[in-house]
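Structure first, then comments.
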Amino acid sequence: MNHENPQRRTVAATLLVVAGILFALFPLTRPFAPGGGADTLEQFGSIWWTVAHLVGAAAFLLTAFAFAELHIAPRVTAAIGVGSALTLLYFGSETFALHELTAVDGDTALELAELIRTGTAAMIAFGVGLLLVAVGVIVVLVSAVRRRWTPVLPAGITAAGFLLYIPQFFVSPTLRIAHGVLMLIGCALVAYELVKSDRAQDVDAADAPDYSARSTITGA
């Protein structure tokens, strides 16, 4: 007996669209130093610093929920969840610890910020987390393509966005914003295809003949 939720792809698509919007909003709302220079205490102290990083953290959380809702490769979707959790740990220090450094002397605060951001354990957790999310998302998208839930192009755009998530931290603010837009486009396209395939399945099921009513009279 098939106990699948027939609307799971639509639910996953909704979560994925919201995640894509948040991925785009993260670099758009995040304060950057003039000319794309090093981060400053003025940036850390801005309310938009906190808002932007909370938005970015929520994007990863919704990504994990969206791909889990597809019910493809449970171990892989679990890896996406673990990766998102590790990523959120780093986002937590960026969101709250750096914001509070404005209460510390300028030079000391910047030194502490560097230690918080580049600590060995923090960097390993962040890097491993992002890699787990990227690899997990790619595996799930490949499965979705094989099931004809989405074409290759939308899946490829989304996969590229997640693969580029680590490199985009080392480019200019303009390119980081462009990467956020890429994430939104990929997530939105995959979401559209998931909804379309879900509705197509509903139509096929409605048009299928009903064999449930069978005669109880049998031959000897």
Side-chain angles (χ1 to χ4, degrees), residues 15-68 79-134 136-137 158 161-187:
L15 294 172
L16 202 55
V17 167
V18 178
I21 293 172
L22 296 180
F23 276 123
L25 285 176
F26 175 36
L28 281 171
T29 56
R30 179 199 188 280
F32 287 102
D39 292 321
T40 64
L41 285 180
E42 183 178 356
Q43 290 170 263
F44 298 154
S46 169
I47 185 62
W48 288 108
W49 177 271
T50 302
V51 170
H53 284 79
L54 287 175
V55 164
F60 279 99
L61 189 62
L62 290 178
T63 296
F65 288 149
F67 284 101
I80 296 175
V82 172
S84 296
L86 291 173
T87 302
L88 293 185
L89 290 175
Y90 192 85
F91 264 90
S93 63
E94 286 263 307
T95 305
F96 304 112
L98 297 187
H99 181 70
E100 296 303 323
L101 287 179
T102 53
V104 183
D105 174 70
D107 292 337
T108 302
L110 291 176
E111 291 176 4
L112 289 173
E114 187 68 15
L115 290 173
I116 291 171
R117 293 177 126 181
T118 62
T120 302
M123 293 298 291
I124 290 175
F126 193 47
V128 170
L130 288 174
L131 286 174
L132 282 174
V133 171
V137 165
T158 306
F162 281 96
L163 277 175
L164 292 172
Y165 215 91
I166 293 178
Q168 63 92 29
F169 285 114
F170 303 97
V171 298
S172 67
T174 300
L175 289 178
R176 290 191 64 175
I177 292 171
H179 174 264
V181 174
L182 177 70
M183 294 288 287
L184 172 57
I185 292 172
C187 290

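The shortest distance between side-chain heavy atoms of T87 and L132 does not fall below 4.5 Å.
Closest approach of T63 to A19, counting heavy atoms only: OG1-CB, 3.8 Å. Residue G180 comes nearest to P27 through the heavy atom pair CA-CG, 4.3 Å, listed as atom of the first residue, atom of the second, then distance. Nearest approach of I80 to A64, heavy atoms of both residues: CG2-CA, 3.9 Å. Nearest heavy-atom pair, V55 versus L22, reported as atom, atom and distance to 0.1 Å: CG1-O, 3.2 Å. Pairing each heavy atom of G161 with each of L182, the nearest pair is CA-CD2, 4.0 Å. Heavy-atom minimum distance, A66 versus L16: CB-N, 3.9 Å.
One finds the CG atom of L163 at 11.0 Å from the CG atom of L130 (value rounded to the nearest 0.5 Å). Of the inter-residue distances, the one linking E100 atom CD with T50 atom OG1 reads 8.0 Å to the nearest 0.5 angstrom. To the nearest 0.5 Å, atoms CG (L86) and CZ (F91) are separated by 13.0 Å. Put simply, CG on L131 and CZ on F126 are 10.5 Å apart, with the number rounded to the nearest 0.5 Å. Interatomic distance, L115 CG to L110 CG, rounded to the nearest 0.5 Å: 11.0 Å. Within the model, atoms CD of E94 and CZ of R30 stand 7.0 Å from one another, a figure rounded to the nearest 0.5 Å.
Between the side chain of H53 and the backbone N or O of G92 there is no donor-acceptor pair closer than 3.5 Å. Proximity of a side-chain donor or acceptor of Y90 to a complementary backbone N or O of R117 within less than 3.5 Å is detected.
L54 pairs in a side chain to side chain contact (heavy atoms under 4.5 Å, CB included) with only one of the listed residues (F26, W49, F96), which is F96.
By the ring-ring contact (aromatic ring centres under 6.0 Å, His included) test, F23 is found to be paired with F60, F162, Y165, residues two or more places apart in sequence or in another chain being considered. For the side chain to side chain contact (heavy atoms under 4.5 Å, CB included) test, residues two or more places apart in sequence or in another chain that qualify with I116 are S93, A97, L98, L101. For R176, the salt bridge (charged side-chain N to carboxylate O under 4.0 Å, His left out) test picks out no residue, with sequence neighbours left out.
With no hydrogens or angles considered, a side-chain donor-acceptor pair links Q43 and T40 at under 3.5 Å.
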